[in-house]
Asks: 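There's a structure below that I have some questions on.
In what follows, every heavy atom counts, from backbone to side chain, and hydrogens, waters and symmetry copies are set aside. Just so you know, ligand 1 is whichever comes first in the structure, and atom 1 is the first atom listed for that ligand.
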Amino acid sequence: MRTQVGIIGAGPAGLLLSHLLHLRGISSVVLERRSRDYIERRVRAGVLEQGTVDTLVRAGVGARLLREGMSHQGIELRYGGAGHRIAFEKLVPGRAITVYGQQEVVKDLIAARLEAGGDIRFEVDDVAVHSLEAEPYVTFGGERLDCDVIAGCDGFHGVSRPSIPEGVLSVFERDYPFAWLGVLARVRPSAEELIYARNEAGFALHSMRSPEISRFYLQVPADTQMADWPEERIWSELRARLETVPGFTLETGEILESGITPMRGFVAEPMQYGRLYLAGDAAHIVPPTGAKGMNLAVADVRVLAEALGRFFGDGSTDLLDGYSAACLGRVWRAQHFSWWMTTLLHTFDDDDAYARKLQLSHLDYVTSSEAAATTLAENYVGLPEQAVAMVGQEGGQAGHGDQR
Ligand code: RFL
Ligand code: PHB
């Protein structure tokens with residue numbers, strides 16, 4: 001079998017890349033370990049930046065998103081017995097976020113690919129990448145796929161990144177001493193916008209998927225198990241952390257899905273080796289407090305599709321050679337913002353009274369100063385291309401991570 005771009009992984013990164021390449025007349029085959037049903041049900045992110053929405057709409061896969069997605073003009077920071085709204089319409093006029101489940105984006109992309117005759121192989125075993133320096137190929141389930149380029153879009157636990165020879169990648173990493181317990185429930189949202197709540201007992205987030213479905217997260221110890229969290233405990237903890245302002249009542253309902261996510265920041269540089277290009281979680285992950293992971297995956301793929309368009313158009317490798325550098329500015333901005341939101345809102349076991357006072361002062365500043373609130377707002381809705389373009393150039397040279 002032969003194709004121009006072999007894509008490993010059918011998450012948002014792999015599927016969108018395949019679609020954007022198709023729009024440019026470039027062929028690809030997507031190889032996915034899981035079943036279609038599994039990836040269409042996998043509950044994950046829910047917040048799309050303005051730039052992500054624009055990309056999906058421009059690519060012709062945004063019709064349902066525009067119909068069913070919920071446009072939000074602000075978020076609430078809740079702490080110390082009061083709620084404080086970060087008003088996007090005032091701070092970053094014309095920019096907003098759209099709440100629309102990641103699995104809905106995945107469904108829309110799969111439908112578009114299959115309708116256009118795209119080749120997605122689900123439930124493929126033993127995917128391995130070979131000969132990355134020249135004439136690369138992929139093997140899976142006893143078959144061989146020859147390609148000009150391989151796109152590693154197989155997430156944090158995929159095979160692409162570990163296939164890069166030792167010593168090539170520098171890895172930058174931050175583990176957090178807690179996790180998030182995520183809950184999807186059949187109950188109407190208790191508020192119109194997302195609520196990020198800081199408490200002595202830990203962080204809680206009120207989010208949603210539709211007028212009938214809510215999404216919640218709780219900060220939990222890193223070593224906690226789902227067995228420690230019977231439904232009554234989840235609801236009582238959510239109530240304790242969210243019902244902290246007068247007049248707010250948490251609506252409860254049937255829990256449809258729940259799971260625990262570790263919290264980690266991670267970047268592997270450069271995001272390419274030979275003919276292998278990494279995109280999305282395969283190259284970097286962020287703690288979810290900034291709602292950036294899926295948006296970064298989309299941003300990477302936008303850059304990669306353009307670079308591949310140039311390469312297959314006139315054979316020029318200049319954009320491909322600069323792929324990693326072009327992405328890392330945004331990647332590091334998102335790392336910083338995600339770390340900043342995480343430290344602003346979570347409780348750390350080793351925090352002393354001084355550290356807690358600093359955190360509260362920081363929250364007071366963010367919720368009272370227009371300049372500080374704008375910093376949060378412009379990062380949250382997503383910075384435009386030119387604002388992040390230069391950051392990686394310097395940052396990439398300044399630091400040395402662990403060699404891998
Ligand atoms: P994905 O979605 O992990 O897709 C990778 C795909 O590759 C497949 N795969 C393989 N296929 C073949 N062979 C192998 N050896 C393979 N190994 C893996 C996998 O099955 C999978 O289908 O990566 P991608 O495309 O880079 O997308 C990244 C996003 O999924 C991720 O960043 C976000 O979900 C992160 N995230 C959030 N991002 C946001 O932008 N906004 C949010 O609000 C947000 N909230 C979240 C999140 C992630 C969370 N979890 C569960 C990690 C909330 C949570 C709780
Ligand atoms: C979600 O709705 O899943 C969600 C929202 C905001 C975040 C993370 C996840 O920061």
Asks: In terms of side-chain heavy atoms, does S27 have a donor or acceptor partner in T3 at a distance below 3.5 Å?
Replies: yes
Asks: Using distance alone, decide if ligand 2 has a nitrogen or oxygen within less than 3.5 Å of any nitrogen or oxygen in S207.
Replies: yes
Asks: Please identify which atoms of ligand 2 are closer than 4.0 Å to at least one heavy atom of R44.
Replies: 3 (O)
Asks: Can you check whether L194 has an N/O within less than 3.5 Å of an N/O in ligand 2?
Replies: no
Asks: Can you tell me if Q102 has a non-hydrogen atom under 4.0 Å from ligand 2?
Replies: no
Asks: Whether E257 and R42 form a salt bridge (side-chain N of Lys/Arg under 4.0 Å from carboxylate O of Asp/Glu) is what I want to check.
Replies: no
Asks: One residue to check: R209. Relative to ligand 2, which of side chain, backbone, both or neither has a non-hydrogen atom less than 4.0 Å away?
Replies: side chain
Asks: Closer than 4.0 angstrom, basic N to acidic O: yes or no for E49 and R95?
Replies: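 Salt bridge absent between E49 and R95.
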Asks: Does the side chain of V220 come within less than 4.5 Å of W180's, by heavy atoms?
Replies: no
Asks: At their closest point, which heavy atom of A96 faces which heavy atom of H72, and how far apart are they?
Replies: CB-O, 3.5 Å
Asks: Among protein heavy atoms, which lies nearest atom 8 (C) of ligand 2, and at what distance?
Replies: P288 O, 3.4 Å
Asks: Residues two or more places apart in sequence or in another chain: which of them pass side-chain contact (heavy atoms from CB on, under 4.5 Å) with E200?
Replies: R198, R356
Asks: Check this for me, if you would: do R2 and D146 make a salt bridge, where the nitrogen-to-carboxylate-oxygen distance has to be below 4.0 angstrom?
Replies: no
Asks: Among all protein heavy atoms, pick the one closest to atom 6 (C) of ligand 2 and tell me residue, atom and distance.
Replies: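 That would be Y196 OH, 3.2 Å.
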Asks: So does E306 pair up with R302, basic N to acidic O under 4.0 Å?
Replies: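 Salt bridge: no.
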Asks: Between L205 and ligand 2, which residue portion shows a heavy-atom distance shorter than 4.0 Å: side chain, backbone, both, or neither?
Replies: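 Only the side chain of L205 comes within reach of ligand 2.
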Asks: Hey, is V43 one of the residues with a heavy atom under 4.0 angstrom from ligand 2?
Replies: no
Asks: Under the side-chain hydrogen bond (donor to acceptor under 3.5 Å, both in side chains) definition, can you give me all pairs with a residue in residues 366-376, not counting sequence neighbours?
Replies: Y79-T367
Asks: Do NZ/NE/NH1/NH2 and the carboxylate oxygens of R78 and E76 come within less than 4.0 Å?
Replies: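 Looking at R78 and E76, the cut-off is met.
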Asks: Polar-atom distance check: Y217 versus ligand 2, any N or O pair below 3.5 Å?
Replies: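 Yes.
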Asks: I'd like the residue list for ligand 1, meaning every protein residue with a non-hydrogen atom under 4.0 Å from the ligand.
Replies: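 Only I8, G9, A10, G11, P12, A13, L31, E32, R33, R34, I39, R42, R44, A45, G46, V47, Q102, V127, C153, D154, G155, G158, V159, Y217, T261, G280, D281, P288, A291, K292, G293, M294, N295, A297 have heavy atoms that fall under 4.0 Å of ligand 1, ordered by chain and number.
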Asks: Test of understanding: with salt bridge (Lys or Arg N to Asp or Glu O under 4.0 Å), list the residues that count as partners of R36, not counting sequence neighbours.
Replies: E40
Asks: What protein heavy atom sits nearest atom 5 (C) of ligand 2, and how far off is it?
Replies: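 Ranked first by proximity to atom 5 (C) of ligand 2 is V47 CG2, 3.5 Å.
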